[in-house]
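Report on the following structure.
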Amino acid sequence: MNVVSDDMPFIALIDDDGHSAHLLTRMLVAHGAPQVRHVGSAEAGETFLIECLSDVDREWPSLVIVDLKAHSGANLEFVTRHQALLRQKGIPLAVMMQTTDRVGRQALQEAGAAAVFFRQAELEAYRREAAAIVSFWARNQRLDAVGM
């Protein structure tokens with residue numbers, strides 16, 4: 001039996017495209033990710049993070065994934081504004097985006113993204129990318145979060 005509560009680990013997915021969020025959530029869960037909580041816009045994501053992380057009695061996300069398509073710089077803007085708070089709380093911030101060159105990836109990492117993953121059109125490539133996200137999540141778990 002699975003019991004879902006606010007005390008279970010989860011991944012926060014901030015994605016302004018509901019269809020994209022649904023597909024990524026299904027793929028992450030299929031690869032062993034914990035519950036994925038979708039937030040549908042940059043503004044709602046900001047509100048969610050501020051409210052969630054200001055409550056020490058509430059379970060915080062163990063990973064935040066940002067996949068904003070509102071405009072070409074939306075992911076970078078979000079990372080720049082929120083990476084300091086997430087880093088302070090020990091929560092890695094990952095970005096899911098269209099394939100870009102090294103310069104585009106480095107800009108996100110220099111702004112504070114812990115990892116950059118790419119949307120894939122081909123199903124097998126998309127599965128591999130989702131598996132890489134779950135692997136990244138697993139490697140970045142706090143030992144106290146997994147009972148050690």
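If you read the sequence from its start, that first residue is 1, and numbering goes on from there.
- Taking all atoms of both residues into account, the shortest heavy-atom contact from Ala74 to Leu68 is CB-CB, 3.7 Å.
- Taking the side-chain hydrogen bond (donor to acceptor under 3.5 Å, both in side chains) definition, one finds that Asn75 meets it with nothing, sequence neighbours left out.
- In plain terms, the two heavy atoms of Pro61 and Leu49 that are nearest each other are CG-CD2, 4.5 Å.
- When the side-chain contact (heavy atoms from CB on, under 4.5 Å) test is applied to Ser41, the partners found at least two apart in sequence or on another chain are Glu43, Ala44.
- Nearest heavy-atom pair across Pro34 and Pro9 is CB-O, 3.4 Å.
- With sequence neighbours excluded, the residues that form a side-chain contact (heavy atoms from CB on, under 4.5 Å) with Leu85 are Leu53, Gln88, Lys89.
- Here ring-ring contact (aromatic ring centres under 6.0 Å, His included) pairs that include residues 63-102, with residues two or more places apart or in two chains, are Phe78-His82.
- Rounding to the nearest 0.5 Å gives a distance of 5.5 Å between CG of Leu86 and CG of Leu93.
- Under the rule for a side-chain contact (heavy atoms from CB on, under 4.5 Å), the partners of Thr80 that lie at least two apart in sequence or sit in another chain are Leu76, Ala111.
- Legend: ring-ring contact (aromatic ring centres under 6.0 Å, His included) pairs involving residues 11-39, not counting sequence neighbours: none detected.
- Gln35 places no side-chain N or O within 3.5 Å of a backbone atom of Phe10 that could act as its donor or acceptor partner.
- Under a 3.5 Å cut-off, the side chain of Asp16 and the backbone N or O of Gly40 do not form any donor-acceptor pair.
- Pairs of residues two or more places apart, or lying in two chains, that qualify as salt bridge (Lys or Arg N to Asp or Glu O under 4.0 Å) and include a residue from residues 110-126 are Asp67-Arg119, Glu124-Arg127.
- Cluster partners of Leu28 are Ile11, Leu13, Leu23, Leu24, Met27, Val29, Val36, Leu63, Ile65, Met96, Phe117, Leu123, Tyr126, Ile133, Val134, Phe136, Trp137, counting Ile, Leu, Val, Met, Phe, Trp and Tyr whose side-chain heavy atoms approach within less than 4.5 Å, directly or via other members.
- For Ser62 against Pro92, the heavy-atom pair with the smallest separation is O-CD, 3.5 Å.
- Side-chain N or O atoms of Ser135 include none that pairs as donor or acceptor with a backbone N or O of Ala131 at under 3.5 Å.
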Identify all side-chain donor-acceptor contacts of residues 100-107 below 3.5 Å with residues at least two apart in sequence or on another chain.
{"residue": "Asp101", "atom": "OD1", "partner": "Val103", "partner atom": "N", "Å": "3.4"}
{"residue": "Asp101", "atom": "OD1", "partner": "Gly104", "partner atom": "N", "Å": "2.9"}

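- In this structure Arg128 satisfies the salt bridge (charged side-chain N to carboxylate O under 4.0 Å, His left out) test with no other residue, sequence neighbours excluded.
- Legend: ring-ring contact (aromatic ring centres under 6.0 Å, His included) pairs involving residues 87-108, not counting sequence neighbours: none detected.
- Partners of Arg87 by side-chain hydrogen bond (donor to acceptor under 3.5 Å, both in side chains), not counting sequence neighbours, listed by chain and number: Gln83.
- Closest approach of Thr99 and Phe118 over heavy atoms only: CA-CD2, 3.5 Å.
- Scanning both residues, Cys52 and Arg58, for their nearest heavy atoms gives CA-NH1, 3.7 Å.
- Using a distance-only test at 3.5 Å, with no hydrogens or angles considered, no donor-acceptor pair links the side chain of Trp60 to the main chain of Gly90.
- Residue Arg26 qualifies as open at atom CZ: its count of foreign heavy atoms under 6.0 Å is 12 or below.
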